[in-house]
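One structure is given below, encoded as structure tokens.
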Amino acid sequence: MVCGGFTCSKNALCSLNVVYMMVGLLLIGVAAWGKGFGIVSSIHIIGGVIAVGVFLLLIAIVGLIGALNHHQVLLFFYMVILFFVFLFQFGMSCSCLAMNREQQASDFTFEKLLNSTWRMTSDVTKENLEKQLNCCGLLNTTLDQAQFDSDFQRCKAPCKARGQCYTCGNIMLEHSAEALKILGGVGLFFSFTEILGVWLAVRYRNQKDPRANPSAFL
């Protein structure tokens with residue numbers, strides 16, 4: 001059977017949905033890795049990316065079932081929902097790529113929330129984080145200068161002995177910027193394949209299953 005026929009469209013759509021499932025898992029994994037640094041968990045974009053990853057995983061499962069069974073209703077909802085996922089994922093990916101470290105650090109609300117979270121953290125947790133990241137204090141800003149001075153005096157990170165320490169906030173901002181770039185790049189690249197998925201679903205849905213009508217071969 002030539003490519004473009006029923007079987008070819010079915011196999012292409014199934015393969016594409018398997019790719020979507022892997023992309024969804026990748027988005028969830030990278031976003032969870034970024035959230036592990038603590039600072040990234042307060043960025044709403046990361047939560048949006050995780051939501052896109054979960055939703056893409058679910059819609060890929062629906063599309064795979066619809067493709068295997070040539071289910072008209074599932075394929076219809078699949079191609080409609082996938083188009084809206086494309087719009088949302090495209091917007092979130094552009095937002096991830098547009099937000100850099102300086103924009104995160106310059107957000108007063110974000111800085112205030114970060115300092116509030118840091119103040120509620122126990123001293124033991126702060127010391128462990130400072131040793132792990134080799135940094136002292138959170139952010140050396142006028143927002144909470146007294147807190148930074150107190151943390152810097154208690155800091156036991158190896159960098160303090162050398163007299164050259166970065167703040168933990170700056171290091172975590174760098175990690176979050178890296179996570180945003182990865183998420184934005186992956187999301188933007190695969191968002192365009194969703195248009196291909198919509199086109200394949202429309203084409204496959206309108207094709208006739210030769211097994212359902214043996215006379216189609218005559």
Side-chain angles (χ1 to χ4, degrees), residues 1-37 40-41 43-99 175-218:
M1 182 174 293
V2 297
C3 187
F6 181 86
T7 303
C8 183
S9 298
K10 177 181 179 179
N11 293 336
L13 190 58
C14 290
S15 301
L16 195 60
N17 279 286
V18 172
V19 173
Y20 289 160
M21 293 174 65
M22 293 188 293
V23 172
L25 292 174
L26 180 62
L27 289 174
I28 296 171
V30 175
W33 170 76
K35 285 173 69 71
F37 287 98
V40 188
S41 60
I43 301 178
H44 296 295
I45 291 180
I46 298 295
V49 172
I50 293 180
V52 170
V54 173
F55 198 69
L56 184 61
L57 181 62
L58 294 177
I59 194 61
I61 295 175
V62 172
L64 186 61
I65 296 174
L68 291 174
N69 299 309
H70 198 232
H71 198 288
Q72 295 292 310
V73 177
L74 285 180
L75 288 173
F76 173 78
F77 283 107
Y78 166 77
M79 64 186 186
V80 172
I81 296 175
L82 188 62
F83 178 74
F84 286 106
V85 171
F86 159 75
L87 295 177
F88 184 70
Q89 184 174 335
F90 181 80
M92 293 301 301
S93 299
C94 292
S95 299
C96 287
L97 293 174
M99 178 173 286
H175 285 300
S176 67
E178 181 182 354
L180 288 173
K181 288 181 180 179
I182 296 174
L183 289 170
V186 172
L188 187 63
F189 175 79
F190 284 101
S191 65
F192 289 105
T193 66
E194 291 162 7
I195 293 296
L196 176 62
V198 173
W199 177 79
L200 278 174
V202 173
R203 178 184 177 86
Y204 176 63
R205 184 173 180 268
N206 293 329
Q207 287 178 326
K208 196 172 186 179
D209 188 352
R211 294 173 301 176
N213 184 12
S215 63
F217 289 108
L218 299 179

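Quick note: numbers below take in every heavy atom, side chains included, and nothing from hydrogens, waters or symmetry partners.
- Between L16 and L196, some side-chain heavy-atom pair lies under the 4.5 Å cut-off.
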Begin with the C-alpha distance, continue with both residues' side-chain angles, and end with the deciding distance and a verdict on side chain to side chain contact (heavy atoms under 4.5 Å, CB included) for I65 and L74. CA-CA 8 Å; I65 296 174; L74 285 180; 3.9 Å; yes
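- L64 is not listed as a side-chain neighbour of Y20, based on a closest heavy-atom distance of 4.5 Å or more.
- Looking at every heavy atom in both residues, L68 comes nearest to K10 through O-NZ, 3.5 Å.
- Between the side chain of Y204 and the main chain of A67, a donor-acceptor pair closer than 3.5 Å is present.
- Here L56 contributes atom CG and L25 contributes atom CG; the two are 9.5 Å apart, rounded to the nearest 0.5 Å.
- Here the side chains of L75 and L13 are in contact, with some heavy-atom distance below 4.5 Å.
- Considering only heavy atoms from C-beta on, L82 stays 4.5 Å or farther from F86 through its side chain.
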Output side-chain donor-acceptor pairs under 3.5 Å for residues 185-193, partner residues at least two apart or in another chain, one line each.
from	atom 1	to	atom 2	distance (Å)
S191	OG	G187	O	3.4
S191	OG	L188	O	2.7
T193	OG1	F190	O	2.5

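- In terms of modelled atom types and a separation under 3.5 Å, the side chain of Q72 and the main chain of R205 share a donor-acceptor contact.
- One distance of note links OG1 of T7 with CD of Q207; it measures 9.0 Å at 0.5 Å rounding.
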